[in-house]
Amino acid sequence: MFNLIVKRLLQIPLIMLVLSMLVLGLTMLLTPQQRASFYVRNEQMARRIDEIIRERGLDQPFFVQYWNWLESALKGDLGFSKAVGEPVVEAIMNRLPNTVELTLYAFIPIIVLGVWLGTLSALRKDGLIDQIIRVLAVLAFSVPAFVLGIVLLAVFYGYLGWAWSWSAGGRKPPPARPAACSRRVPVLYRHAEH
């Protein structure tokens with residue numbers, strides 16, 4: 001078991017290298033102007049798109065661009081995220097505490113429930129309860145995470161109204177519920193179709 005873990009850990013850098021090359025290769029399908037548009041934050045920057053292409057080396061061959069990116073990434077510069085409007089490292093650091101908090105809040109009940117159900121299943125091996133728990137476990141692993149997330153949001157936030165949002169300023173009441181979470185099945189169905 002230890003050898004398998006070490007082997008998998010040693011494969012991580014190679015996998016990351018191949019995946020990063022694949023992602024850059026896919027972005028190379030875009031023109032330099034399209035890739036430079038990710039760095040444009042205002043109208044003034046849009047007028048100097050050719051300068052951005054030269055500064056960022058977006059007109060260079062694939063391996064030159066990859067080397068420049070890899071060198072920057074190893075120094076801690078992961079680039080700029082247009083989605084959040086800030087450098088990627090800052091975006092990660094700003095959101096990391098909330099992610100860790102959410103992970104811990106989810107981790108504790110999952111461990112408690114898993115140990116309890118596992119013990120219950122072991123005590124009644126091959127019985128009805130064991131069979132039900134096995135079916136539920138297979139279903140839980142079979143459902144994609146995004147589908148489970150939507151269902152949990154619809155149930156706990158939309159139907160039961162239990163969810164409250166937390167921010168750095170403290171607890172805030174939930175905003176008005178979207179139509180997809182407000183017990184209106186036809187509206188939910190129309191949202192699911194799209």
Side-chain angles (χ1 to χ4, degrees), residues 8-106 143-154 157-158 163-170 172-182 187-194:
R8 295 288 188 225
L9 289 175
L10 291 175
Q11 289 176 346
I12 289 174
L14 179 63
I15 291 170
M16 296 297 287
L17 194 68
V18 169
L19 283 176
S20 62
M21 289 179 102
L22 180 66
V23 169
L24 182 63
L26 289 173
T27 60
M28 293 290 286
L29 296 174
L30 299 172
T31 65
Q33 289 79 12
Q34 289 171 323
R35 286 183 280 137
S37 70
F38 292 120
Y39 299 100
V40 173
R41 291 181 232 161
N42 55 42
E43 192 66 35
Q44 183 182 9
M45 290 181 80
R47 286 192 287 266
R48 33 181 232 106
I49 196 104
D50 292 328
E51 189 178 326
I52 292 172
I53 291 171
R54 283 192 305 280
E55 284 175 4
R56 300 286 180 172
L58 299 176
D59 54 352
Q60 299 290 325
F62 172 79
F63 287 107
V64 173
Q65 287 187 49
Y66 184 75
W67 179 256
N68 291 339
W69 174 83
L70 187 61
E71 194 174 44
S72 296
L74 292 175
K75 291 178 184 174
D77 178 15
L78 298 178
F80 182 82
S81 170
K82 189 173 183 179
V84 294
E86 61 187 359
V88 172
V89 173
E90 285 181 30
I92 291 171
M93 296 312 290
N94 289 338
R95 288 154 181 82
L96 189 62
N98 292 338
T99 303
V100 170
E101 182 182 9
L102 181 62
T103 302
L104 289 175
Y105 281 137
V143 175
F146 69 91
V147 172
L148 182 62
I150 292 171
V151 168
L152 291 176
L153 276 173
Y157 176 71
W164 288 76
S165 63
W166 289 83
S167 67
K172 296 180 180 178
R177 289 185 235 174
C181 293
S182 62
V187 175
L188 179 60
Y189 180 73
R190 280 199 307 272
H191 282 283
E193 283 182 323
H194 300 290

Do the non-hydrogen side-chain atoms of N98 and L102 ever get within less than 4.5 Å of each other? no
From CD1 (I92) to OG1 (T99), nearest 0.5 Å: 10.0 Å
About how many Å separate OG1 of T27 and CG of L29, when rounded to the nearest 0.5 Å? 8.0 Å
CZ/F62: more than 12 non-hydrogen atoms of other groups inside 6.0 Å: yes
Tell me, with the steps shown, if E86 and R95 meet salt bridge (Lys or Arg N to Asp or Glu O under 4.0 Å). CA-CA 12 Å; E86 61 187 359; R95 288 154 181 82; 2.9 Å; yes
Look at the side chain of Q65 and the backbone N and O of Q60, then say whether any donor-acceptor pair between them is shorter than 3.5 Å. yes
Shortest non-hydrogen contact between I52 and A36, atoms and distance: CG2-CB, 4.0 Å
Side-chain donor/acceptor pairs under 3.5 Å, residues 11-24, sequence neighbours excluded:
| residue | atom | partner | partner atom | Å |
| --- | --- | --- | --- | --- |
| Q11 | OE1 | R8 | NH1 | 3.4 |
| S20 | OG | M16 | O | 3.0 |
| S20 | OG | L17 | O | 2.9 |
| S20 | OG | Y66 | OH | 2.6 |

Can you run down the salt bridge (charged side-chain N to carboxylate O under 4.0 Å, His left out) pairs that involve residues 55-81, sequence neighbours left out, and say none if there aren't any? R48-E55
From CG (L58) to CE (M28), nearest 0.5 Å: 9.0 Å
Within the 4.5 Å heavy-atom criterion, are P61 and F63 side-chain neighbours or not? no
What I'd like to find out is whether the side chain of S81 reaches to under 4.5 Å of the side chain of V84, using heavy atoms alone. yes
